[in-house]
Amino acid sequence: MSEYSYPYKDAAFIFEQLVGFDQLCEEGGLTDVNSELAAAILEEAGRLGSEVIAPLNVVGDREGAKMDENGVREAPGFAEAYRQYRDNGWSSLPFDEKHGGQGMPKIIGTAAEEIWQSSNLGFSLCPLLTHGAVDALEKHGSDQLKSLFLAKMISGEWTGTMNLTEPQAGSDLAAINTRAVPDGDCYRVIGQKIFITWGDHQMTGNIIHLVLARLPDAPAGVHGISMFLVPKFLLDEHGQPGERNDVRCVSLEHKLGIHGSPTCVMAFGDNGGAVGYLVGEAHRGLMAMFTMMNAARQSVGLQGLSLASRSYQQALAWARERLQGTNSDGSRFPIIEFPDVRRMLMLMKAGTESMRGLAYLTAAEIDRSRLASDPVRSASHHARVELLTPIVKGWLTEIAQELTSYGIQIHGGMGFIEETGSAQYYRDARITTIYEGTTGIQANDLVGRKILADGGEALADLLREIQATAEALGANESTSATGNALHLAVQAGVEARQWVLDHARESRAVAGAAGVNFLMLLGYLCGGWIMGLSAHKASNLLAEGGGDAAFLKAKLVTANFYCDHFLPRAGACLASVKAGPESIMAMPLDQF
């Protein structure tokens, strides 16, 4: 089992060459933030990740969280690791200074989050959910709620959760039954929620639950949902945790993976009603939920990258050390010399580098949207974030299934043995395509809310930008093949966009049938864009004689490989998109 190491060189290349981090900070007025500071922050994060959090990954997987008379007990070692994470200020890194945050750009927080997730996904889910709850409370909560809860959640002194679905509802939030009854200046929340990540633990003095529920006068459907803040412990007159609220974890789910993360069934109001406070407007909880959900979707996409990257590191170490081939003189050589092993390693390397670039560029677009002084520019960057979010969540997590599977395959029979650790990344990755909205839900969001809603304008803008990259590559002899491949993939994207615009309103089946293949097409295309940009920048640096020549040449090789082995999939996705729903919907139900 290999040790974890954050890919600093690749991250620095993305920050400097693809994002233009120093320029982003300068234009946004962040005069004290630059690439040197970002590198120092990530170096410290990497140290905590590799030395403290990563060694607990296998502990969390094998021992997991358990329940006793006091509630949920986190896996051994997690509480001390969380204390170090909190005391070193990592929880507050990306949040507003007026609430006790450090005000760092989103892209730095995203890079640090990759470190926590790669080190130990089960552990990292606790701060991930807290960050989503902070986003929702910061945007939608009253000043009073913010003053009572926000600073301690940002500091990590208290953690947060997201309580959405119920046994009968699944992804259909219109079907939730949890209710909230007015009681003076608060509400009594009564109901049950399932799949609540880190719904209970002993690592912090309080847990702040954000809960979707219905008021007595709520209209039917999703338009009748409100959001409530329900603390594990009610606050005393000094703002400190006091009396236990009427909310408890009643059981833990036994899962395929992420055993270190307790997934709870939560009961609210078994003894009269849990005290809760309305967040935002009554019946407008869906809006607050999407603030939390969009942040979580980007983080879950990052999980796909993080697990694939960790799996790649371990597979690479194994391939270099595992002796299996025999030379004519009887000496043995490692399996990395076999072409098929190199093929799989290159798929993992090219895949993770494209995933990382896309995740980081999306985070930078969030920064540009927030920091832009011009409202028109801010809106343009926001539209790009909205477009990329379902792609980041859907494509990165789907590719993670493939890449972590290669990690096992490279290990051969030992990959199927839990002792080597490779199987854990594969098991942990499986949930990422499901929670915070399945890939199908991301596809519906992409087609319905992002493409059809604006007539495909945001996508057309992105396609034009990718085409410009293809043309820049084509003008350079050393990258012309990459440019030609990217150009063909852009044309597939243009054709798929037009087909969806022309046909998606014909019936619900059209968009539903085309959606996932359309999303995957755009994912492969955006990945190719990232690799094309990387090749363009690397080629220019080599021509100037700057940078690490070996690293830059490897970027060119990796980009070429991506164009040979990933980009052709865009054409296959286009064919599936244009096939329409006929063969999907033709089968009689009784013949399945």
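Each residue takes its place number in the sequence, starting with 1.
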Under 3.5 Å, which donor-acceptor pairs link side chains of residues 552-563 to any protein atom two or more places apart or in another chain?
unit_1	atom_1	unit_2	atom_2	d
K555	NZ	D10	OD1	2.5
K555	NZ	E353	OE1	3.0
T558	OG1	A554	O	2.7
N560	OD1	T482	OG1	2.8
N560	ND2	L556	O	3.4
Y562	OH	Y524	O	2.8
Y562	OH	G528	N	3.4

Show me the side-chain donor-acceptor pairs of residues 369-378 shorter than 3.5 Å, one per line, residues at least two apart or across chains.
unit_1	atom_1	unit_2	atom_2	d
S369	OG	S378	O	3.4
D374	OD1	V376	N	3.1
S378	OG	S369	O	2.7

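Taking a cutoff of 4.0 Å between a charged side-chain nitrogen and a carboxylate oxygen, R356 and E114 qualify as a salt bridge.
A donor atom on one side chain and an acceptor atom on the other are found under 3.5 Å apart for S539 and N476. In the model, N294 has no side-chain atom that pairs as donor or acceptor with a side-chain atom of T389 under 3.5 Å.
Taking a 6.0 Å sphere around CZ of R343, one finds it holds more than 12 heavy atoms contributed by other residues, nucleotides or ligands. By the 6.0 Å contact criterion, CZ on F566 is enclosed, its count of non-hydrogen atoms from other residues, nucleotides or ligands being greater than 12. Shown here is D502, whose CG atom has more than 12 heavy atoms of other residues, nucleotides or ligands within 6.0 Å.
No side-chain heavy atom of T362 sits less than 4.5 Å from a side-chain heavy atom of I391. Two residues are said to be in side-chain contact when any heavy atoms from C-beta on lie closer than 4.5 Å; V490 and Q467 meet this criterion. S50 places none of its side-chain heavy atoms less than 4.5 Å from the side chain of Y6. Taking the side chain as every heavy atom from C-beta outward, S119 and N57 never approach each other to under 4.5 Å.
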Evaluation steps, ring-ring contact (aromatic ring centres under 6.0 Å, His included), between W499 and F518: CA-CA 10 Å; W499 191 93; F518 188 33; 9.2 Å; no
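Taking each heavy atom of I154 and S91 in turn, the nearest pair found is O-OG, 3.0 Å. Shortest non-hydrogen contact noted between K450 and L446 is CB-O, 3.2 Å. Nearest heavy-atom pair across T161 and W198 is CG2-O, 3.5 Å.
Here the CD1-CD1 distance, from I41 to I115, works out to 10.5 Å after rounding to the nearest 0.5 Å. If you take CG on L30 and CG on L24, they are separated by 7.5 Å, rounding to the nearest 0.5 Å.
A side-chain hydrogen bond (donor to acceptor under 3.5 Å, both in side chains) with Q117 holds for exactly one of S306, S309, S299; it is S306.
For E44, the side-chain contact (heavy atoms from CB on, under 4.5 Å) test picks out R47, W90, with sequence neighbours left out. Residues forming a side-chain contact (heavy atoms from CB on, under 4.5 Å) with K255 (at least two apart in sequence, or on another chain): E253, I258, T263. Listed by chain and number, the residues in a salt bridge (Lys or Arg N to Asp or Glu O under 4.0 Å) with R384 are D461, E465 (sequence neighbours excluded). For the salt bridge (Lys or Arg N to Asp or Glu O under 4.0 Å) test, residues two or more places apart in sequence or in another chain that qualify with R569 are E402.
K537 contributes no side-chain N or O that, together with a main-chain N or O of L18, makes up a donor-acceptor pair within less than 3.5 Å. Side-chain atoms of W395 do not come within 3.5 Å of backbone N or O of L521 as any donor-acceptor pair.
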